[in-house]
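In what follows, a structure is listed as structure tokens, so that the remarks can point back to it.
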Amino acid sequence: VGAITGALTYCTGGNTTLTASGGVSYIWASQSTNSIIGNTASVTVTQGTYAVLVTNASGCQDTVIATVTELATIAVTITGNLSYCQGGNTTLTASGGSTYIWNDAGSSTTPAITVLQGNYAVTATDANGCTGTASATVTENALPAVAITGNLNYCAGSNTTLTANGAATYQWNEAGNSPTAAITVTQGSYTVTGTGANGCTATANATVTENPVPVVAISGSLTYCTGGNTTLTARGGSGYLWSTRQATASETVTQGTESV
């Protein structure tokens, strides 16, 4: 009685070897092509149905048939964000197989790995022992260079405007959580978060100070004799401008109303 041994399945792109036993001579034929394919005990074949005529030492014959199947290609995929913001990372997850091995530094064997910028490939093996590969390129996105411009000082009773730049959208931390680039503020500390077109965020800070208004006073005689004049002197500031357009601390005047 003849017999055939060997794997009856193989992975896409491969083949399998069938071996006949129980005789002293063998003739193999492909039923798919209706042709003789060999006269040895073993033949290497691909998908199809095969018959072998086995003849023993007594001249008795037996025919044994085997069907070989090519297994479907394993479909391996990688999912996950293929970009991340500077200072972060991303996780890639492979699917489609039973076991995995990555080409990362640690030759990871888990379906998911956490990675930085670079090129990654994974080889997956399914329950039949067939393998497939997938690859992915991960990119690191730069953070936006967020800055705040504007006067950080203003005089009491007024305010100042801060303007953020360097990003696509903005969110301030003031009372209204303004989403505009520019905000008008008074004394305090302010933070703006800017988001770039790539979705990455960065912050900038500014401290605004309110300067007190100088206490200005005028000294000097407010009267004078006919034919004379008087000198008025301003104090309390570091620079002065009189209503006469004179830019000194003191001015000599005659009758009238003066302001500084």
Side-chain angles (χ1 to χ4, degrees), residues 77-93 104-105 112-120 135-220 232-251 253 256-260:
T77 58
I78 296 175
T79 56
N81 289 326
L82 298 182
S83 64
Y84 65 92
C85 297
Q86 183 180 349
N89 54 49
T90 188
T91 297
L92 302 180
T93 302
D104 63 330
I113 59 172
T114 298
V115 298
L116 301 177
Q117 180 171 290
N119 297 314
Y120 298 91
S135 60
T137 298
V138 173
T139 302
E140 179 180 86
N141 292 327
L143 302 180
V146 181
I148 297 174
T149 58
N151 289 326
L152 299 182
N153 297 274
Y154 67 94
C155 297
S158 185
N159 54 47
T160 187
T161 297
L162 302 180
T163 302
N165 57 72
T169 62
Y170 305 93
Q171 187 74 51
W172 290 89
N173 74 330
E174 38 66 272
N177 292 317
S178 300
T180 56
I183 59 171
T184 299
V185 297
T186 54
Q187 181 169 290
S189 296
Y190 299 91
T191 298
V192 64
T193 299
T195 303
N198 57 16
C200 296
T201 62
T203 61
N205 303 288
T207 299
V208 174
T209 302
E210 179 180 88
N211 294 325
V213 174
V215 180
V216 181
I218 297 174
S219 61
L232 302 180
T233 300
R235 65 177 186 276
S238 58
Y240 305 93
L241 182 64
W242 291 88
S243 55
T244 58
R245 311 309 296 171
Q246 185 167 322
T248 58
S250 298
E251 69 167 355
V253 296
T257 301
E258 302 292 334
S259 63
V260 64

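Listed by first and then second residue, the disulfide bond (SG atoms under 2.5 Å apart) pairs that reach into residues 137-207 are Cys85-Cys200, sequence neighbours excluded.
Minimum interatomic distance between Ser250 and Thr233 (heavy atoms only, all atoms of both residues): OG-OG1, 2.7 Å. Residue Ile183 comes nearest to Ser178 through the heavy atom pair CG2-CB, 3.6 Å, listed as atom of the first residue, atom of the second, then distance. Considering every non-hydrogen atom in both Ser219 and Arg235, the closest pair reads CB-NH1, 3.3 Å. Nearest approach of Ala168 to Ala197, heavy atoms of both residues: CB-N, 4.1 Å. Residues Ala167 and Pro144 approach most closely at CB-CB, 4.1 Å, considering heavy atoms. Scanning both residues, Thr161 and Ala182, for their nearest heavy atoms gives CG2-CB, 4.2 Å.
Taken to the nearest 0.5 Å, the CD atom of Gln187 stands 9.5 Å off from the CG atom of Asn153. Taking CG of Leu116 as the reference point, atom OG1 of Thr139 lies at 12.0 Å (rounded to 0.5 Å). Distance check, rounded to the nearest 0.5 Å: CG of Asn141 to CD of Gln117 gives 9.0 Å. The CZ atom of Arg245 lies 11.5 Å from the CD atom of Glu251; values are rounded to the nearest 0.5 Å. Rounded to the nearest 0.5 Å, atoms CD1 (Ile148) and OG1 (Thr163) are 9.5 Å apart. In this structure, Thr201 OG1 and Asn198 CG are separated by 9.5 Å, a value rounded to the nearest 0.5 Å.
No donor-acceptor distance shorter than 3.5 angstrom exists from the side chain of Tyr84 to the backbone of Asn81, with no hydrogens or angles considered.
For the pair Tyr190 and Leu162, the minimum side-chain heavy-atom distance is below 4.5 Å. The shortest side-chain heavy-atom distance between Trp242 and Ile218 falls under the 4.5 Å cut-off. Between Leu92 and Leu82, the closest side-chain pair of non-hydrogen atoms falls below 4.5 Å.
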Donor-acceptor pairs under 3.5 Å, side chain of residues 202-217 to any protein atom, not counting sequence neighbours: which ones?
unit_1, atom_1, unit_2, atom_2, d
Asn205, OD1, Thr191, OG1, 2.5
Glu210, OE2, Tyr154, OH, 3.0

Quick one, Trp172 with Val185, criterion side-chain contact (heavy atoms from CB on, under 4.5 Å). Give me CA distance, side-chain angles, the key distance, then yes/no. CA-CA 11 Å; Trp172 290 89; Val185 297; over 6 Å; no

Test log, rule side-chain hydrogen bond (donor to acceptor under 3.5 Å, both in side chains), inputs Thr137 and Asn119: CA-CA 4 Å; Thr137 298; Asn119 297 314; 2.8 Å; yes

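Annotation: side-chain contact (heavy atoms from CB on, under 4.5 Å) contacts of Thr77 (sequence neighbours excluded): Ser95. Remark: Ala249 engages Tyr240 in a side-chain contact (heavy atoms from CB on, under 4.5 Å) (not counting sequence neighbours). For Ser243, the side-chain contact (heavy atoms from CB on, under 4.5 Å) partners at least two apart in sequence or on another chain are Glu258, Ser259. By the side-chain contact (heavy atoms from CB on, under 4.5 Å) test, Thr79 pairs with Thr93, sequence neighbours left out.
Looking at Gln246 and Thr244, their side chains never bring a donor and an acceptor atom within 3.5 Å of each other.
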